[in-house]
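Treat the numbers as computed from the prediction; the structure is a model and nothing was measured. Note that ligands are numbered from 1 as they come in the structure, with each ligand's atoms numbered from 1 the same way.
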Amino acid sequence: MKMKKFISMLMIAACVCSMAACGSKESADSEEEKGGEEKKTLIMATNAEFPPYEYHEGDDIVGIDAEMAAAVAGELGMDFKIEDMAFDSIIPAVDSGKADIGVAGMTVTEDRLQNVNFSDTYAKATQVVIVKEGSDIAGPDDLTGKKVGVQLGTTGDIYASDIKDAEVEQYNKGFEAVQALTQEKIDAVVIDGEPAKEFVKDAKGLKILDEAFTEEEYAIAIAKDNEELLEQINGALKSLKESGKLDEIVAKYIKSDAE
Ligand code: ARG
């Protein structure tokens, strides 16, 4: 029958066609490069003017953050490198990809969350007020109308700018603010509690007020478009917390008040 023959010929034609099409297709995906297996380097941006979290010791940058981040890199099988910079350059460095993580006793704030992601928190902190012994400033409320020193771009800077009629002096390093206080150029310094203890310990005639200004939490900053690293960092932090390694690092740098 003519019709039957025609149909079967059509079917054969269709078959041959699709087989031919088959051959040329596949090759594209199979050669995806495996990416040379050399170790990645985790680059940490910090401002090493913040003992006991990060500070210079000879040619090295040491402290809780430095050791914690090195341990995080170790957990992830990565090499590790620290880049020291101004505190207010850290978020731009992370955001632009110049650094992978910002670790600088950095407080999680709504504002910063606009520009970077934060890991799970790894420390609780406070902002405290340092004054000269014998100062008439007895609590944060007495800062009204005073000259208050801060480190530029820190949460201390932000809070101080809200104090009524206060004149805020911004320094590049927290230590410089404390120096200015010693020299009576300013009336008080608003800064994180642990560095405050370190700075006051090394200075003469200064004290930390009992009443803290704020409560805060520190976390690691990571670029917003790097969700994968965020998860990796949180995983590594979790195991450092669970193994007791993080506590060990903290204990090395912060002696408990009882001692
Ligand atoms: N916790 C404060 C903040 O996040 C001060 C941090 C300053 N850190 C430093 N490495 N200098 O603004």
Side-chain angles (χ1 to χ4, degrees), residues 43-57 60-70 72 80-95 98-130 140 148-163 168-181 188-202 208 212-223 233 249-250 253-254:
I43 301 177
M44 158 178 161
T46 196
N47 168 250
E49 303 295 339
F50 199 68
Y53 287 91
E54 47 267 333
Y55 56 100
H56 294 272
E57 199 174 79
D60 296 329
I61 292 172
V62 298
I64 295 169
D65 288 341
E67 283 202 30
M68 176 187 71
V72 164
F80 179 63
K81 193 175 157 204
I82 299 180
E83 301 267 8
D84 190 19
M85 59 188 72
F87 183 72
D88 62 353
S89 299
I90 297 172
I91 288 190
V94 169
D95 185 31
K98 268 174 60 188
D100 300 304
I101 54 176
V103 197
M106 191 177 283
T107 304
V108 179
T109 70
E110 282 305 316
D111 248 23
R112 291 172 181 164
L113 278 166
Q114 305 293 312
N115 298 305
V116 287
N117 283 332
F118 278 107
S119 70
D120 295 336
T121 59
Y122 63 86
K124 289 200 190 310
T126 53
Q127 293 292 314
V128 298
V129 183
I130 309 176
V148 181
V150 297
Q151 183 181 13
L152 177 70
T154 60
T155 45
D157 188 0
I158 296 162
Y159 295 126
S161 64
D162 285 341
I163 300 169
V168 181
E169 297 281 342
Q170 298 166 312
Y171 297 86
N172 288 322
K173 305 175 181 182
F175 165 72
E176 291 168 353
V178 175
Q179 239 175 5
L181 177 61
V189 172
V190 174
I191 196 165
D192 302 50
E194 290 302 330
K197 283 187 210 161
E198 297 288 330
F199 293 143
V200 165
K201 197 173 68 188
D202 297 338
I208 299 171
F213 213 84
T214 56
E215 312 257 297
E216 325 190 314
E217 286 189 312
Y218 295 162
I220 298 175
I222 302 152
I233 299 279
I249 294 171
V250 172
Y253 288 96
I254 299 179

What distance do D95 atom CG and N115 atom CG have between them, rounded to the nearest 0.5 Å?
-> 5.5 Å
For ligand 1, which atoms have a heavy atom of N47 less than 4.0 angstrom away?
-> 9 (C), 10 (N), 11 (N)
Where ligand 1 meets Q151 - atom numbers and elements under 4.0 angstrom, heavy-atom basis = 7 (C), 11 (N)
Mark the output for R112 as yes if a heavy-atom distance to ligand 1 is under 4.0 Å, and as no if none is.
-> yes
Which one of D84, I220, I82, I61 satisfies the side-chain contact (heavy atoms from CB on, under 4.5 Å) criterion with M44?
-> I82
Determine, stepwise, if the pair E67 / Y253 fulfils side-chain hydrogen bond (donor to acceptor under 3.5 Å, both in side chains).
-> CA-CA 10 Å; E67 283 202 30; Y253 288 96; 2.8 Å; yes
Derivation of the ring pair (Phe, Tyr, Trp, His ring centres under 6.0 Å) call for F50 and F87 = CA-CA 10 Å; F50 199 68; F87 183 72; 7.4 Å; no
Considering the heavy atoms of D192, write down every atom of ligand 1 situated less than 4.0 Å from one of them.
-> 1 (N), 2 (C), 5 (C)
Hey, does G153 come in under 3.5 Å of ligand 1, counting only N/O atoms on both sides?
-> no
Worked verdict on F213 versus V128 for side-chain contact (heavy atoms from CB on, under 4.5 Å) | CA-CA 5 Å; F213 213 84; V128 298; over 6 Å; no
What are the atoms of ligand 1, with element, lying closer than 4.0 Å to any heavy atom of A104?
-> 6 (C), 7 (C), 8 (N), 9 (C), 10 (N)
Can you sort out which atoms of ligand 1 are near F87, meaning under 4.0 Å from one of its heavy atoms?
-> 3 (C), 4 (O), 6 (C), 7 (C), 8 (N), 9 (C), 11 (N), 12 (O)
In short, E54 meets V103 closest at the heavy-atom pair OE1-O, 3.5 Å
Polar-atom distance check: Y218 versus ligand 1, any N or O pair below 3.5 Å?
-> no
If hydrogens are left out, which of Y53, Y55, F50 has an atom nearest to atom 7 (C) of ligand 1, that is, the closest non-hydrogen atom?
-> F50
Does the pair Y53 and D192 meet the rule for a side-chain hydrogen bond (donor to acceptor under 3.5 Å, both in side chains), with working shown?
-> CA-CA 11 Å; Y53 287 91; D192 302 50; over 6 Å; no
Could a heavy atom of E54 be found less than 4.0 Å from some atom of ligand 1?
-> yes
Could you check which of G193, G105, P195 puts a non-hydrogen atom nearest to atom 6 (C) of ligand 1?
-> G105
So T155 and T214, side-chain contact (heavy atoms from CB on, under 4.5 Å) or not? Walk me through it.
-> CA-CA 10 Å; T155 45; T214 56; over 6 Å; no
